[in-house]
Enquirer: 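Starting off with a structure, shown below.
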Amino acid sequence: MPSCERAAELFAAFAAGGVTDVVLSPGSRSTPLVIGAAASGLRLHDVVDERSAAFFALGQARASGRPSLLVCTSGTAGAHYYPAVLEAELASVPLIVLTADRPAELQQCGAAQTVDQLHLFGRHVRLFLEIGDALAGDSPVIGRIAAQAIAAALGAPAGPVHLDVRARKPFEPARLPVTVTAPRTPRVFAAVPTPSEAAIDALADVCRRARRGVIVAGPANVAQREARAAVAALAAVTGYPVVADAASQLRRAEAVGVEAILGVTADAVLQLGAPPVSAAWERWLVGLEGPHVVIGDASAGVWADPAGSASLVIAADVGLTCARVAERLGGLREPHEWTERWRSEAARVQTILEPMLAGDHLSELGAARDVVEAGAEQIVLGNSLPIRLADLVARAVEVPVLSQRGVSGIDGLVAGAAGAAQATGRSTALLLGDVSLLHDVGSLLVVGDAPLVVVVINNDGGRIFEQLPIAAVPGAETVMPHFTTSHGRGFRGAAAFAGLAYAAPATRSALRQALGEALAARRPALIEVAVPPHGAREALATLREALR
Ligand SMILES: Cc1ncc(C[n+]2csc(CCOP(=O)(O)OP(=O)(O)O)c2C)c(N)n1
Ligand SMILES: [Mg+2]
């Protein structure tokens, strides 16, 4: 059972393996872990609510690419980590969870705060280990356990790891601080999935045959920024447009939105990672007759072909694969009618969209454009309409864009953005909906002094549901309140409670000013953009009509 000294050695081993941050939630059973973490030199963050804590750590890891550690007590505490663990699993984010646990003899006998925590997260973690005994006595394996947990969390694919740590009383050290013994840890290089020669041959063959191809990229982790040059090289040698989701890390000046390809028929599509968020994509894919290539991680949970239409799947790193196939294909393809065709489609979409973004009145589309272009060093897009509207209006995006598209929850967005801002020190803008903010309103307390500006689009409810077929059913008005959950609340009081600066701009120029000032001052703030409830519904209907 862990002594505080041995626990300190464990955390020192995590530090040696590249971990920098631990998010702690208070408790007694976790005493050796807290004492050990405090002795290790790692940065500690205290977050009372384990659900917030887990999303905060998730945001740190999502932004930094480093595993973040979570420590909590026994009982229901670890269960509050569940949503963030699921997101980490499906979005491939490295997260290492340490739950303190009672010793085996105190299970199933009425001992307080005791539940069966073995495999608490079921099949949703990359690795589960019960390690209480390993931290007892002078076992030499502590360094190995930390290295193994880090390697499993970094993948490939990256994801969550759960270590359950049984502890028997007494937990306390004889005196503080405890001394830390340097652990013996192996140096670990995580797996990088390299495409085989055969995979490159197959992909090059698809590109040679298809003159009218398209490269598409859905939301991806920030590491995909490293693939930018390789994707551009592949686009150049194939003459294919890059249809890059705003959250793909690949949205550059020459990229086009999904709407731009709706009007054209391609004869091949190369999908990089997850499918794009836009519903237009699914409709377009149904009509595709040529090959559909999916490149990226293809392990069970992250196999990115929900429609089952892929004809070729290359389970390898996107950047490496694009670079290799671009090299294989060699010289630039001559521009021809295909290039003209999609460029003119992209221009047509722009001529429809830009007038809708003119003027100084507050609108959801306008706010999305203003947030994306506010000069933040990092952008976080909330789910529901925000990520979709940002995708519609974003032009080139040069900074990392974080999104929660593993499980697409509207939960934990504030905590995640706070973790991302804190871990990177980048000035961060979070765009999210009012129901999403209500869901995570408690996490405004974890923003602290992180350089985070939370921009809430308050359309008084979940207005995405007005886009769904249910809203068009005759008589739907009787049930729509159960979907939209209109609440009539503003967030001024929430900002005050959390000690955040607050602004409720009445115009877009005021919004831009409030955003610009808060970001430049790196001052945490909440900006509330109050818009008419049905504004997005009307704008999207107008847009669809014009694009037809
Ligand atoms: C944890 C979780 N609960 C429920 C949902 C289902 N859901 C998707 S969008 C949405 C409404 C979001 O409303 P809001 O944040 O105001 O955004 P808007 O639709 O107005 O853009 C809900 C409840 C979800 N995705 N995640
Ligand atoms: Mg809303």
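Every number for a ligand or one of its atoms is a count from 1 in the order of the listing.
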Enquirer: Measure from atom 23 (C) of ligand 1 to every heavy atom in I410, L385, L468 and give the option owning the shortest one.
Expert: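 Considering heavy atoms of I410, L385, L468, the nearest to atom 23 (C) of ligand 1 sits in I410.
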Enquirer: Counting non-hydrogen protein atoms only, what is the nearest one to atom 25 (N) of ligand 1? Give residue, atom name and distance.
Expert: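 Its nearest protein heavy-atom neighbour is S408 O, 3.2 Å.
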Enquirer: In plain terms, say whether R489 and E528 are close enough for a salt bridge, that is, a side-chain N and a carboxylate O under 4.0 Å apart.
Expert: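 Here R489 does not pair with E528 in a salt bridge, since their nearest N and O are not under 4.0 Å apart.
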Enquirer: Polar-atom distance check: G409 versus ligand 1, any N or O pair below 3.5 Å?
Expert: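 By distance alone, the answer is no.
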Enquirer: Can you name the atoms of ligand 1, numbered from 1 with element, that are less than 4.0 Å from a heavy atom of I464?
Expert: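 Selected atoms, number and element: 9 (S), 19 (O).
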Enquirer: Quick check: does any side chain N or O of D245 sit under 3.5 Å from a backbone N or O of V277, one acting as donor and the other as acceptor?
Expert: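 Yes; judged by distance alone, with no hydrogens or angles, the pair exists.
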Enquirer: Would you tell me whether S68 and D21 have side-chain atoms, one donor and one acceptor, within less than 3.5 Å of each other?
Expert: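 There is no such pair between these side chains.
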Enquirer: May I ask which of S436, S384, G412, P386 has a heavy atom nearer to atom 15 (O) of ligand 1 than the others do?
Expert: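 Closest candidate by heavy-atom distance is S436.
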Enquirer: What is the ring orientation for F128 with H119, classed by angle as parallel under 30°, tilted 30 to 60°, or perpendicular over 60°?
Expert: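 F128 and H119: tilted rings.
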Enquirer: Is D449 paired with R522 through a side-chain N to carboxylate O contact shorter than 4.0 Å?
Expert: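 Salt bridge between R522 and D449, a charged N being under 4.0 Å from a carboxylate O: no.
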Enquirer: Ignoring hydrogens, just give me the one of D411, I387, T484 whose non-hydrogen atom is nearest atom 1 (C) of ligand 1.
Expert: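 Minimum heavy-atom distance to atom 1 (C) of ligand 1 goes to D411.
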Enquirer: For T99 and D164, test the side chains for any donor-to-acceptor distance below 3.5 angstrom and give the result as yes or no.
Expert: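 A pair is found: one side chain offers a donor N or O, the other an acceptor, under 3.5 Å apart.
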Enquirer: So for atom CD, which belongs to Q350, do other residues, nucleotides or ligands contribute more than 12 heavy atoms lying within a distance under 6.0 Å?
Expert: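 For Q350, atom CD is crowded (more than 12 foreign heavy atoms under 6.0 Å).
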Enquirer: Under 6.0 Å from the CD atom of E354, do we count more than 12 heavy atoms belonging to anything else shown?
Expert: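 Yes, CD of E354 has more than 12 neighbouring heavy atoms, counting only those of other groups under 6.0 Å.
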Enquirer: Check for me: within less than 2.8 Å of the Mg ion (ligand 2), which protein N/O/S atoms show up?
Expert: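 Correct list: D434 OD1, N459 OD1, G461 O.
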Enquirer: Check this for me: does any side-chain nitrogen of one of D360 and R508 sit under 4.0 Å from a carboxylate oxygen of the other?
Expert: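 Salt bridge: no.
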Enquirer: Give the residue and atom name of whichever protein heavy atom lies nearest to atom 6 (C) of ligand 1, and the separation in Å to one decimal.
Expert: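 So the nearest neighbour among protein heavy atoms is F465 CZ, 4.4 Å.
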Enquirer: So is there a nitrogen or oxygen of D434 less than 3.5 Å from a nitrogen or oxygen in ligand 1?
Expert: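 Indeed, backbone or side chain, D434 has an N or O that close.
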Enquirer: Would you indicate whether E282, at its atom CD, is surrounded by more than 12 heavy atoms from other residues, nucleotides or ligands within a distance under 6.0 Å?
Expert: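 12 or below, so no.
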Enquirer: Hey, is A536 touching ligand 1 through its side chain, its backbone, both or neither, going by heavy atoms under 4.0 Å?
Expert: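 A536 to ligand 1: no contact under 4.0 Å from either part.
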Enquirer: Of the backbone atoms (N, CA, C, O) and the side-chain heavy atoms from C-beta on, which set of N459 has a member under 4.0 Å from an atom of ligand 1: side chain, backbone, both, or neither?
Expert: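 N459 to ligand 1: side-chain contact only, backbone stays beyond 4.0 Å.
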Enquirer: Quick one: does G382 get within less than 4.0 Å of ligand 1, heavy atoms only?
Expert: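 Under 4.0 Å: no for G382.
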Enquirer: Answer yes or no: is there an ion pair linking R463 with E364, defined by an N-O contact shorter than 4.0 Å?
Expert: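 No, R463 and E364 are not salt-bridged.
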